[in-house]
Amino acid sequence: MSEKQFSKTPDYAVNEVEIGQVETVTVSGWQGFMDSFKRMKHVEIDTEGMTDLEKAAALTASSPLSRKLKSRHLQMIAIGGSIGTGLFVGSGGSLRTGGPAAVVIAFILIGSMLFSTVHAMGELAVTFPVSGSFCTYFTRFLDPAWGFAMGWNYAMGWLVVFPLEIIAASITLSYWDEHHKYNPAIWVTLFWALIVIINFFGVKGYGEAEFFFSIVKVCAIVGFIILGVVVACGGGPKGGYIGAKYWHDPGSFAAGFKGLCAVFVNAAFAFSGTELVGLAAAETANPRRSLPKATKQVFWRITLFYVISLTIVGCLVPYNDPRLIKKSSVDASASPFVIAIVNAGIGGLPSVMNAVILISVLSVGNSSIYAASRTLAALADQGQAPKFLAYIDCSGRPLYGIIITSAFGLLCYLVASDKRNEVFSWMLALSGLSSIFIWGSINLCHIRFRRGMKVQGRSLKELPFTSAVGVYGSWYGFTLNCLVLVANFWVAVWPIGASPDAATFFNSYLAAPIILVFYVCYKAYKRTPFILAKDMDLITGRRHLDLVLLTQELEEERAFIKSKNMAYRVYKFWC
């Protein structure tokens, strides 16, 4: 199927005068704004005679989403997009549960799994930059029923996260409002309006906001690493040389192997959102150039921002510090980063770190509308959600998806209820394991895609970007995701320091049976087939359909890189 060209010219812009001539009509700014909400005019696809699977592939490939994300947007989303409360606050719970050694080991293992996963996703997204990205790949390369189950689970997860993050932002502000003089409903109103307005500016608004948020988070982490090294070496206002003191007393592990398994789950939560780079593929101006660079940035985020910063945290904060017990998911006083700064006796900086936590929360809320609306639009294109959700306006926005997600965000007014924590705890449980299932499925998709390439006699040389760790890396990522699910099951059934409890188990593991119910019901109703390697569609959705020309260009690029010195080749491999 040839690539479709879309007209973004509203009806009012031109009037035909004669063949080959147009007359421009000037309209008011308000009229232009109102017309931007009209449906995008694009070439309709004749789906008559197509199977459901062929329709899904064709419609997601031709979705008229805006392509305004630039390379700098993608790279900052890749570097700082998933840095949030999971790292700044959640790592405190991980440190208390497992100890410093368990935290570092768990984050290295989960990070290595994410490295493989993101490279697998990068290969698929660069080759097929389609609407809905990885959820579409599940339908295309695994099973439409699995695509349905995972797509809805992923969308529900972000729908719940949006109001939760708005509440979290209002709670974060209480750090400066100890006497609670202001009603938190004021803050949730302001934050809800801010995030919704950003997303109504379209993908460019989302990209610019994330670019700013990510720069702030990256600067904060780099600054903390430098400060932490100075303090550990005895350069802080309080105390002398610390070094690895707390790794010996109270120790490196808080609860042995079981504590390590518990930290696995927390580490996976801290990395959630990494897959957003793949979701943005369809709205990228030049995915063949931008996505490979963004994919490779994951290595630096894992190494620099997670592993190094948490190693330093383990040196500055003992795992038995009572302040690590948090009252909420954004309790800045329980952040090991804040505790480390307080212990060092540095005034003013705890407030700076709290401001960074606030920005991180708003960043996640901003991503929530983006991810949920795009996923809902892709599900609608595949016939797995109501058709009106596939509506794309003249500005390239999935309008009804944004409206529904924004309306769902009004649950943030539960901040006035004393039952808010219980309500959101169970809502999050519906999709709490979403990221782990998504990552495992991405790896399996890559494995099946490579199998399809081999069975259909296609060469890897025609792929614009290939995973640095190949199929073996995807097998590693898939296996490790399965092990994390097993570890989470063990800790959910037999919690550390507590007796088995049904409420505790379902609060941690409810997402798994929900996904299975979605999958089984859809498969029984639609009788969807497992996609065989020989039947996979390996063409629809490619932006570069002249494979001979593309292969030639890729060969020239590879030859150019090989002609350079070792330092340049190493740089291009990692960056």
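- For F506, the CZ atom is loosely surrounded, since the number of other residues' heavy atoms within 6.0 Å does not exceed 12.
- Shown here for S91 and P336, the closest heavy-atom pair between the two residues is OG-CG, 3.3 Å.
- A donor-acceptor contact shorter than 3.5 Å links the side chain of N354 to the backbone of T172.
- Contact detail for V491 and K258: the closest heavy-atom pair is CG2-O, 4.2 Å.
- Ring geometry for F107 against Y306 counts as parallel: the plane angle stays under 30°, on a 0 to 90° scale with 60° as the upper cut.
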### Message
If you apply the rule side-chain hydrogen bond (donor to acceptor under 3.5 Å, both in side chains), what do you find for E275 with Y154, and how did you get there?
### Response
CA-CA 11 Å; E275 69 285 341; Y154 191 70; 2.8 Å; yes
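- Here the closest non-hydrogen pair linking E165 and V361 is O-CG1, 2.8 Å.
- A donor and an acceptor atom, one from each side chain of T189 and Y413, are located under 3.5 Å apart.
- Minimum interatomic distance between L485 and Y509 (heavy atoms only, all atoms of both residues): O-OH, 2.9 Å.
- Classified by interplanar angle (parallel below 30°, tilted 30° to 60°, perpendicular above 60°), the ring pair F115/H119 is tilted.
- Inter-residue side-chain proximity for V352 and L349 is flagged as met; some heavy-atom pair is nearer than 4.5 Å.
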### Message
ring-ring contact (aromatic ring centres under 6.0 Å, His included), that's the test. Do F505 and F489 meet it? Break it down for me.
### Response
CA-CA 8 Å; F505 171 77; F489 182 83; 5.6 Å; yes
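- Looking only at side-chain heavy atoms (C-beta outward), F271 and S435 stay at 4.5 Å or farther from each other.
- Rounded to the nearest 0.5 Å, atoms SG (C482) and CD1 (I436) are 10.5 Å apart.
- Looking at every heavy atom in both residues, G314 comes nearest to P100 through CA-CB, 3.9 Å.
- Ring orientation note: the planes of W490 and F257 are tilted relative to one another, at an angle of 30° to 60°.
- Considering CG of L433 and CH2 of W439, their distance stands at 11.0 Å, rounded to 0.5 Å.
- Listed for the S116 side chain is no donor-acceptor partner under 3.5 Å among the backbone atoms of S474.
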